[in-house]
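Okay, so here's the structure we're looking at.
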4 protein chains.
Amino acid sequence: MRSTTVNDAASPFPPPSQPRSRTADAAPGDARPVKMRLLEAAQAVFAAHGYSGANISDIVAQAGTTKPMVYYHFGSKEGLFAAVLEEVYGGMRAYERSVDLTALPAAEAMAALVRVTFDYHAAHPDWIRLISVANIHNARHIAASATIGSRNATVVQVMQRLLERGVADGVFRPGVDPLHLHMLIASFCFYRISNRHTWSVIFDRNLNTAAEARAQLELVTEAVARYLRPD
Amino acid sequence: MRSTTVNDAASPFPPPSQPRSRTADAAPGDARPVKMRLLEAAQAVFAAHGYSGANISDIVAQAGTTKPMVYYHFGSKEGLFAAVLEEVYGGMRAYERSVDLTALPAAEAMAALVRVTFDYHAAHPDWIRLISVANIHNARHIAASATIGSRNATVVQVMQRLLERGVADGVFRPGVDPLHLHMLIASFCFYRISNRHTWSVIFDRNLNTAAEARAQLELVTEAVARYLRPD
Amino acid sequence: MRSTTVNDAASPFPPPSQPRSRTADAAPGDARPVKMRLLEAAQAVFAAHGYSGANISDIVAQAGTTKPMVYYHFGSKEGLFAAVLEEVYGGMRAYERSVDLTALPAAEAMAALVRVTFDYHAAHPDWIRLISVANIHNARHIAASATIGSRNATVVQVMQRLLERGVADGVFRPGVDPLHLHMLIASFCFYRISNRHTWSVIFDRNLNTAAEARAQLELVTEAVARYLRPD
Amino acid sequence: MRSTTVNDAASPFPPPSQPRSRTADAAPGDARPVKMRLLEAAQAVFAAHGYSGANISDIVAQAGTTKPMVYYHFGSKEGLFAAVLEEVYGGMRAYERSVDLTALPAAEAMAALVRVTFDYHAAHPDWIRLISVANIHNARHIAASATIGSRNATVVQVMQRLLERGVADGVFRPGVDPLHLHMLIASFCFYRISNRHTWSVIFDRNLNTAAEARAQLELVTEAVARYLRPD
DNA sequence: AATGAATGAGTTTTCATTCAT
DNA sequence: TATGAATGAAAACTCATTCAT
């Protein structure tokens, strides 16, 4: 049940366009263009402190540049945040496109899809935070975006085709809404990361162990499998 | 399958300690104590703008009082936010305690529990936002709280007893972790509200209709039912 | 021809609400309220550098207070400028009201009015600059003002009554528009101050001497007298 | 009384070196040299916002070029403003030189000179604003100019010769200072434009109509005529 | 419990100017 | 001539917090 074509080696996704070691301030001789460095620094700072809590000074310090560059390249703090979100969604979309489940039988493909979603969220806590931040601000920063939006829903298409195949193969029951099923999976994968801090306080249990992660993945995989299983 | 003893009248939960008509600024002659008015205003403003985005001036204006009152009653902005979060969790806990599922057969009780959780989240979007905000700040505002924390997990106990009863009655399969199952339910109920803004942008579908809500409730109810059903 | 009831001692008008020695920064122990000190400092700085050229830091330094006080008391830089202009026009209006020409024969009263206008402008170069600044910005800062505007035109009423009296006495010819005549006088009195810097450069003549002032006053007085003289 | 050789066709002066249709940004393929385009854009922007309120970005955008061009051609913002003022005074001087009053009898020539001055100011509100701006900054931008200054006073010479001729012809009284008389005329013509915004607010009367302009021109013409008339 | 005024440090943003090409 | 990107300094404005009353 574990053989998939996708990224079989557990979960260490190489964060697509994420810095390799940009925890400290950018080295003076950083070759990459200022705009990119700003985007990366901004991603980290917005994720760490929220939209209003992030401050431009921190971002530019971390990017090894100066404040006016933010305004030159992005127009405003809001523009910078919007650009960060575009990057986040761009990374997701690229990732979703790279998933190829066609070689697997439907049931196994679904398990693989769940796992891939699970791992992706686990590997990108900053992106989860950024999306939370965007939602707190009613997603107004992405509303205007041309690149994010409507047709981005690659997953839903993948899901739909997979469901159809499973139904055709007699391994899934019919009548399941692909978007809703994606929501069931995504919500679990997102929430366990996004809300882990409050959960850690409220429930007396360390939920951040590898064992927990494994058990949680199994739960959602199993729930999806059973939800789809024909009666 | 829809008859429960709990809150059968659909879902319009009266927000426990939420203002009755506090959309505009507090009327000058508002009788309720300043501390309460501040708490309510703060809840609204923090929910609307995040922790750093909220500002004391707005809060006191909305509460119909003055800034020093915040420091008199709560010591600091952080203290005020912590107090708001205590209120949120206090309201939740109170609500969970009020749920009585003992009169129902296990399977129906579980459906009722799902529904109740679903409705509670739907009815309290501000609280969802506040919890998101708390998580973005690593829940450091509630970590110190004495009243929030550890033993608050009423739901988990309820869930555990319900699972045991269902297993005893032969309607649930054994071996299900109550905390994980609660996470499956809560994540869906939370996420569909918390992330609805980004979803509206990304997926070309209005997810905020009553029909959608019904379909989504059915999905999660069904998923839980099938997950628990003995093979 | 020189006997008037108004301020016979040449021209040293005590600037009504202007500081006596506020050239340097406000002394720390300045008793007057911050708002007033700000207004005075702002008047000086706006007059000296124009609206955009003036900067809040200079103003607050000169007023012996801090930047937020500007925003607390006036809302914005624009609000401060508007308040300064209200003061300017308030001072003018107060001054105009104080002029009493009823005791003089019409022709002498007119000469007195001209002289008073001449002297007032000469004594308040800052106000002239402020009005120039206001006009460069299309007077949008005073457009909204309730206190400036319409009925402020005390001079015009004074002028009108004086013209009527002169006509009745047979010393003025009829049919003269009081507003236009006021414009003729005011324009000369204003312009000789407002444009003295460019004139000094363009015309090879020192126009800032006492003798010049005397000659100019005589010119405008004479021009008005001859303009009104019956044929 | 209205027949003059100068510009009899009412008043629409073609603004000498003013753009033909430069209301919007310069078209990409604008053939005229960058320096000229900059000068025109700067004239408009400085007139609209004052010296400090004008910003280089706006100017270069409107001129369809880039910031370094300003520094290449004019050295600094101050240099650009100085160049604009030179243009303004250059335009005036050129205009004054073009006025030929020799063919008219002295009294009519004087009326023509008044009218020409009146019309010129009315046709160039931007230049009036620029001169106001220069004065607010104590004319320091033109002080250093070689081309502006001292001997530019063509008008005064014209005036002087005209006065002499009138005296000789017995139609003007002697002893009138040409510079002062020019000041009387210029102040009125300048002020009615420069201060029209504040006047519109203060006096409850629309002073920008054609009828008003006619009446005002008549006023100043008449005042000058009566001022010069031998007793 | 309440207020009006004040403060200090920090926020986002702007702007004239210049560099490398 | 021309440009895209960058810079340093300072601009306006904000905000949590506190004082005197």
Side-chain angles (χ1 to χ4, degrees), chain A residues 33-35 37-38 51-60 63-81, chain B residues 28 33-35 37-38 51-60 63-81, chain C residues 33-35 37-38 49 51-60 63-81, chain D residues 28 33-35 37-38 49 51-60 63-81:
Chain A
V34 172
K35 191 168 179 177
R37 272 149 53 208
L38 272 173
Y51 176 71
S52 307
N55 63 294
I56 303 278
S57 307
D58 287 1
I59 293 170
V60 298
T65 182
T66 57
K67 286 187 242 177
M69 283 296 95
V70 169
Y71 297 87
Y72 182 76
H73 285 292
F74 302 98
S76 65
K77 187 183 184 182
E78 296 225 332
L80 177 56
F81 186 54
Chain B
V34 172
K35 190 168 181 178
R37 271 149 53 205
L38 273 174
Y51 177 72
S52 309
N55 64 305
I56 302 282
S57 307
D58 285 2
I59 293 169
V60 299
T65 180
T66 58
K67 289 192 231 178
M69 285 299 95
V70 168
Y71 297 88
Y72 180 80
H73 286 293
F74 302 99
S76 67
K77 187 184 186 182
E78 297 226 331
L80 176 56
F81 186 55
Chain C
V34 172
K35 192 168 179 177
R37 271 148 53 205
L38 273 174
H49 302 105
Y51 176 72
S52 308
N55 63 291
I56 303 279
S57 307
D58 286 2
I59 292 169
V60 298
T65 181
T66 57
K67 284 188 241 177
M69 281 298 94
V70 168
Y71 298 88
Y72 182 76
H73 287 292
F74 302 98
S76 65
K77 187 184 183 180
E78 297 225 331
L80 177 56
F81 186 55
Chain D
V34 172
K35 191 167 178 178
R37 271 149 53 208
L38 273 173
H49 302 106
Y51 176 72
S52 308
N55 64 303
I56 303 281
S57 308
D58 285 2
I59 292 169
V60 299
T65 180
T66 59
K67 288 191 234 176
M69 284 299 94
V70 169
Y71 296 89
Y72 179 80
H73 286 292
F74 302 98
S76 66
K77 187 185 185 181
E78 297 226 330
L80 177 56
F81 186 54

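- Shown here for A:S76 and A:V70, the closest heavy-atom pair between the two residues is O-CG1, 4.3 Å.
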Kindly give the atom pairs (protein nitrogen or oxygen, nucleotide nitrogen or oxygen) under 3.5 Å for nucleotides 7-11 of chain E.
| residue | atom | partner | partner atom | Å |
| --- | --- | --- | --- | --- |
| E:dT11 | OP1 | A:N55 | ND2 | 3.2 |

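- With values rounded to the nearest 0.5 angstrom, A:L80 atom CG is found 11.0 Å from A:H73 atom NE2.
- Taking only side-chain nitrogens and oxygens, A:Y71 comes nearer than 4.0 Å to OP1 or OP2 of E:dT13.
- In this structure the side chain of D:L38 never reaches within 4.5 angstrom of the side chain of D:K35, judged on heavy atoms.
- D:S57 pairs by the side chain to side chain contact (heavy atoms under 4.5 Å, CB included) definition with D:N55, D:K67, not counting sequence neighbours.
- In this structure, the side chain to side chain contact (heavy atoms under 4.5 Å, CB included) partners of C:T66, at least two apart in sequence or on a different chain, are C:P68, C:M69.
- The footprint of chain B on DNA chain F, defined by a heavy-atom cutoff below 4.0 Å, extends from F:dC15 to F:dC19.
- Counting only distance, with no hydrogens or angles, the side chain of A:R37 and the backbone of A:T65 share no donor-acceptor pair below 3.5 Å.
- Pairs of residues two or more places apart, or lying in two chains, that qualify as salt bridge (Lys or Arg N to Asp or Glu O under 4.0 Å) and include a residue from residues 68-80 of chain D are D:E78-D:R140.
- With sequence neighbours excluded, the residues satisfying ring pair (Phe, Tyr, Trp, His ring centres under 6.0 Å) with A:F81 are A:F46, A:Y51, A:H141.
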Query raised in the report: Reading DNA chain E 5' to 3', what string of ( ), [ ], | and . shows its pairs, if Watson-Crick and G-U wobble pairs count only when both distances fall under 3.5 Å?
Result: .||||||||||||||||||||

